[in-house]
Amino acid sequence: MPSRSTKGLAALFGVLGTLHFVKPGPFEQIVPKVLPRKKELVYASGAAELACAAGLLHPRTRRLAGLASAGLLVAVFPANVQMAADLRTKGSRTAQAIAYARLPLQLPLIRWALKAARE
């Protein structure tokens, strides 16, 4: 049985992964400008988040899913940087503050994923 912490991480990935398919537009906007095929990248990262969510819930796949979750969080970090950079010039002060505050939050999320991998 996964811990409450791991269930929480799985829920987070499940919700975000679903949003990638239901409302891909906001995610497409933060894909770094140098990357092509933004919609496809959004769908791929959404599918990866859903796979990680499912994997975190099963003992046999939890270690791999935790490591994959940490890797995914590292891989999407440039999108968070892109969002902060874009909002620097056209976002409200509140949106800017949220975008910049979100950047260092990736570290505890990565630690959370690695902790799940050790369960």
Side-chain angles (χ1 to χ4, degrees):
M1 183 78 147
S3 69
R4 284 179 36 183
S5 174
T6 296
K7 286 180 190 175
L9 183 61
L12 178 66
F13 273 115
V15 168
L16 290 172
T18 300
L19 284 174
H20 278 65
F21 291 95
V22 175
K23 287 195 138 297
F27 296 100
E28 288 176 57
Q29 292 175 8
I30 65 170
V31 173
K33 294 175 183 6
V34 298
L35 297 176
R37 307 184 80 171
K38 292 174 183 355
K39 184 170 279 210
E40 290 86 348
L41 289 171
V42 167
Y43 287 152
S45 63
E49 288 178 352
L50 291 172
C52 287
L56 287 166
L57 297 175
H58 299 286
R60 283 184 166 170
T61 55
R62 189 168 301 128
R63 177 169 169 65
L64 178 59
L67 295 172
S69 296
L72 182 59
L73 289 163
V74 170
V76 300
F77 185 73
N80 294 330
V81 171
Q82 183 69 59
M83 179 175 59
D86 289 345
L87 288 173
R88 189 179 63 226
T89 57
K90 60 184 170 188
S92 69
R93 290 230 189 258
T94 302
Q96 291 171 6
I98 291 169
Y100 279 98
R102 202 175 144 175
L103 296 176
L105 288 177
Q106 290 294 108
L107 289 174
L109 287 172
I110 292 166
R111 281 196 300 268
W112 192 6
L114 294 173
K115 180 182 173 199
R118 292 189 302 270
E119 272 186 22

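Because the structure is predicted, anything quoted here is derived from the model rather than measured.
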Exercise for review: Indicate yes or no: at least one non-hydrogen side-chain atom of Arg111 is less than 4.5 angstrom from one of Leu114.
Suggested key: no
Review point. Do Val31 and Val34 share a hydrophobic cluster (ILVMFWY, side-chain heavy atoms under 4.5 Å, transitive)?
Key: yes
Practice item. Please list, chain by chain and in numerical order, all residues satisfying side chain to side chain donor-acceptor pair (under 3.5 Å) with Lys33, sequence neighbours excluded. Key: Asp86
Exercise for review: Measure the spacing between OH of Tyr100 and CE of Met83 and express it to the nearest 0.5 Å.
Suggested key: 10.5 Å
Review point. With the 4.5 Å side-chain cut-off for hydrophobic clustering, are Leu72 and Leu50 part of the same group?
Key: no
Review point. What's the shortest heavy-atom distance between Ser5 and Trp112, and which atoms?
Key: OG-NE1, 2.6 Å
Exercise for review: Please answer whether the main-chain N or O of Ser3 pairs with a side-chain N or O of Glu119 as donor and acceptor at a distance below 3.5 Å.
Suggested key: yes
Practice item. Drop me the distance from Gln29's CD to Lys38's NZ, to the nearest 0.5 angstrom. Key: 11.0 Å
Point to revise | Cluster link Leu9 to Ile110, ILVMFWY, side chain under 4.5 Å | key: yes
Exercise for review: Look at the side chain of Arg62 and the backbone N and O of Ala117, then say whether any donor-acceptor pair between them is shorter than 3.5 Å.
Suggested key: no
Point to revise | Flag if over 12 foreign heavy atoms under 6.0 Å of NZ, Lys115 | key: no
Check your understanding: Atom NZ in Lys7, atom CG in Leu56: separation rounded to 0.5 Å?
Key -> 12.5 Å
Point to revise | Closest heavy-atom pair and its distance - Ala101, Pro104 | key: O-CD, 3.2 Å
Check your understanding: Do you know the tightest heavy-atom contact between Ala10 and Ala53?
Key -> O-CB, 3.3 Å
Review point. Is there a donor-acceptor contact under 3.5 Å from the side chain of Gln96 to the main chain of Leu87?
Key: yes
Check your understanding: Does any non-hydrogen side-chain atom of Leu105 lie less than 4.5 Å from one of Asn80?
Key -> no
Review point. Considering only heavy atoms from C-beta outward, does the side chain of Leu107 approach that of Phe77 to under 4.5 Å?
Key: no
Check your understanding: Under 4.5 Å between any side-chain heavy atoms of Leu19 and Phe27, yes or no?
Key -> yes
Exercise for review: Report whether Leu12 and Val74 are members of the same hydrophobic cluster (ILVMFWY, side-chain heavy atoms less than 4.5 Å apart, transitive linking).
Suggested key: yes
Practice item. Indicate the atoms forming the closest heavy-atom contact of Leu103 with Ala84, along with that distance. Key: CD1-CB, 4.2 Å
Point to revise | hydrophobic_cluster_shared for Leu57 and Phe13, side chain cutoff 4.5 Å | key: no
Check your understanding: What pair of heavy atoms forms the shortest contact from Gln106 to Val76, and how long is it?
Key -> NE2-CG2, 4.4 Å
Revision key, fill the gap. CG of Leu73 to CD of Glu49, rounded to nearest 0.5 Å, is 8.0 Å
Revision key, fill the gap. Nearest heavy-atom contact between Ala116 and Thr6 is CB-OG1, 3.5 Å
